[in-house]
Q: 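Handing you a structure now.
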Amino acid sequence: MSIADPTDPPLQLDADETARLRRKRLEKFGKWLLPALVLVIMLVLWDRIVVWNEIPHYILPGPGLVFETLIKDWSMLFEALLVTVQITLMALAVAVVGGVGLAVLFTQSRLVEMSFYPYAVILQVTPIVAIAPLIFIYVDSRIAGLLLCAWLVAFFPVLSNTTLGLNSADHNLRDLFRIYGASRWQTLRFLQLPSALPYFLGGLRIAGGLSLIGAVVAEYVAGTGGLKSGLAFRILEAGYRLNIPRMFAALILIAVTGVIIFAGLSFLSHMLLRKWHESALKRDR
């Protein structure tokens, strides 16, 4: 019996597999450890800049003071956060219903798409800061005004991505459905909607962040009119009082809320696509 040569292909494949597993293990921990390390470095640098330059807290507070303010004013800030989150989620839900419904209508009628799609584009490219004051003039309910502002920002990504997805269904499969006598509803349900799902979920992730931005912008406009509602008003109030630590605390809550919304929608996308779509399937590199 001859002794195997160490350079034989099987042993080389084993070495490659070991390297791949090691790289995969490093990536698994690195995607959490590296951002955490960068965050710690930034916080330490922020704190040292404040201390070394003796910057007053009403100009730039240190991270410790911001965290202390977040704990001290938690009841006030959390109540404002709930209002902002409520407006954000309501606007996102309405954007999903309206965007998907209108996208389906567009794909079923070319005439309807040509008639109304340009106006959806106009609403998207018009800055919400310019529209919000008019909305609060003509809409009596402040909550409805906030919801409308946030919806205008979040609506278009859902509409455009879903429309693109519905129109991207394989034409060969469409012809096959037509040959077998499938109705419009059957083609929509069994072909176009599954094909559009990845596009819709991509638009949903974008719309989640935009709905939060729209809600905050709307609260800024409404807050100047005396409506005490969400985190944006607390930021304005803190700015007027030069309570800069509270401003930073509110900004941190807004940022964390946006990250949570994006992470939640990304998880939803992964769960819906992980078993069949290329974007969610894990491949060995």
Side-chain angles (χ1 to χ4, degrees), residues 18-74 76-78 80-82 84-85 88-89 92 153-154 157 198 201-217 219-220 230-232 234-236 238-239 242-274 278-285:
T18 301
R20 186 189 67 81
L21 291 175
R22 186 184 301 112
R23 184 170 60 251
K24 184 177 180 181
R25 190 160 50 247
L26 289 175
E27 290 179 356
K28 180 179 179 181
F29 290 102
K31 68 180 181 180
W32 299 104
L33 291 179
L34 291 178
L37 180 61
V38 171
L39 177 62
V40 170
I41 293 174
M42 291 177 61
L43 290 176
V44 172
L45 184 61
W46 175 10
D47 180 72
R48 291 299 89 195
I49 289 175
V50 172
V51 173
W52 290 336
N53 294 278
E54 299 181 352
I55 302 176
H57 67 84
Y58 54 82
I59 295 179
L60 179 62
L65 181 57
V66 172
F67 181 75
E68 180 183 337
T69 304
L70 180 61
I71 300 299
K72 182 178 66 176
D73 297 340
W74 175 252
M76 175 200 306
L77 294 175
F78 183 70
L81 174 64
L82 291 180
T84 301
V85 170
T88 300
L89 296 182
L92 183 60
V153 178
L201 292 171
L204 184 64
R205 288 197 298 272
I206 299 173
L210 290 179
S211 61
L212 178 61
I213 294 173
V216 171
V217 171
E219 287 172 2
Y220 267 112
L231 285 173
R234 294 303 175 191
I235 293 175
L236 284 173
L242 289 181
N243 191 342
I244 308 304
R246 183 183 295 173
M247 287 184 64
F248 273 84
L251 284 171
I252 289 174
L253 285 180
I254 292 176
V256 170
T257 301
V259 170
I260 291 175
I261 291 174
F262 182 83
L265 294 177
S266 297
F267 178 74
L268 174 65
S269 176
H270 174 73
M271 294 303 293
L272 293 176
L273 302 178
R274 64 192 176 101
E278 286 293 331
S279 64
L281 291 175
K282 292 185 177 180
R283 301 290 187 185
D284 293 336
R285 296 179 181 179

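Worth knowing before you read on, the calculation uses all heavy atoms, side chains too, and leaves out hydrogens, waters and symmetry mates.
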Q: Out of curiosity, Leu43 CG to Asp47 CG, how far, rounded to the nearest 0.5 Å?
A: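 With rounding to 0.5 Å, CG (Leu43) is 8.5 Å from CG (Asp47).
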Q: Donor-acceptor pair, distance only, cut-off 3.5 Å: does the side chain of Thr84 make one with the backbone of Leu231?
A: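 The answer is yes, because a donor-acceptor pair under 3.5 Å joins these two groups.
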Q: As a quick check of understanding, evaluate side chain to side chain contact (heavy atoms under 4.5 Å, CB included) for Leu45 and Ile49, giving each step before the final call.
A: CA-CA 6 Å; Leu45 184 61; Ile49 289 175; 4.1 Å; yes
Q: Set out, in order, the CA-CA distance, both residues' side-chain angles and the distance that settles side chain to side chain contact (heavy atoms under 4.5 Å, CB included) for Ile261 and Leu265, then state yes or no.
A: CA-CA 6 Å; Ile261 291 174; Leu265 294 177; 4.0 Å; yes
Q: Which atom pair, heavy atoms only, marks the closest approach of Ala232 to Glu219?
A: N-OE1, 3.2 Å
Q: Mind listing the closest non-hydrogen atom pair of Trp46 and Pro61 along with its distance?
A: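 Result for this residue pair: NE1-O, 3.0 Å.
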Q: What residues, two or more places apart in sequence or in another chain, satisfy side-chain contact (heavy atoms from CB on, under 4.5 Å) together with Val38?
A: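 Applying side-chain contact (heavy atoms from CB on, under 4.5 Å) to Val38 gives Met42.
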Q: With rounding to the nearest 0.5 Å, note down the distance linking CG in Leu89 to OG in Ser211.
A: 7.0 Å
Q: Heavy atoms, side chains only, cut-off 4.5 Å: are Leu81 and Leu77 in contact?
A: no
Q: Side-chain contact, heavy-atom cut-off 4.5 Å: Ile244 with Ile59?
A: no
Q: Any side-chain heavy atom of Val216 within less than 4.5 Å of one from Thr88?
A: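 No, too far: nothing below the 4.5 Å cut-off.
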Q: Taking C-beta and beyond as the side chain, do Ser269 and Leu204 meet within less than 4.5 Å on heavy atoms?
A: no
Q: If you compare all heavy atoms of Ala154 against all heavy atoms of Leu210, which two are closest, and at what distance to 0.1 Å?
A: CA-CB, 4.4 Å
Q: Kindly give the heavy-atom pair with the smallest separation between Met247 and Gly239, and that separation in Å.
A: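 Answer, listing the atom of Met247 first, then Gly239: SD-CA, 3.5 Å.
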Q: Output a table of donor-acceptor pairs, distance under 3.5 Å, between side-chain atoms of residues 67-74 and any protein atom two or more places apart or on a different chain; print 'none' if there are none.
A:
residue	atom	partner	partner atom	Å
Thr69	OG1	Leu65	O	2.8
Asp73	OD2	Arg246	NE	3.0
Asp73	OD2	Arg246	NH2	3.4

Q: What pairs of donor and acceptor atoms, side-chain ones from residues 249-258 against any protein atom, are under 3.5 angstrom apart with sequence neighbours left out?
A:
residue	atom	partner	partner atom	Å
Thr257	OG1	Leu253	O	2.7

Q: Restricting to non-hydrogen atoms, name the atom on Arg234 and the atom on Ala80 that form the minimum distance, rounded to 0.1 Å.
A: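 Closest pair (atom of Arg234, atom of Ala80, distance): CG-CB, 3.8 Å.
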Q: Quick check: do Asn243 and Pro245 have side-chain heavy atoms less than 4.5 Å from each other?
A: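 Asn243 vs Pro245: side chains touch.
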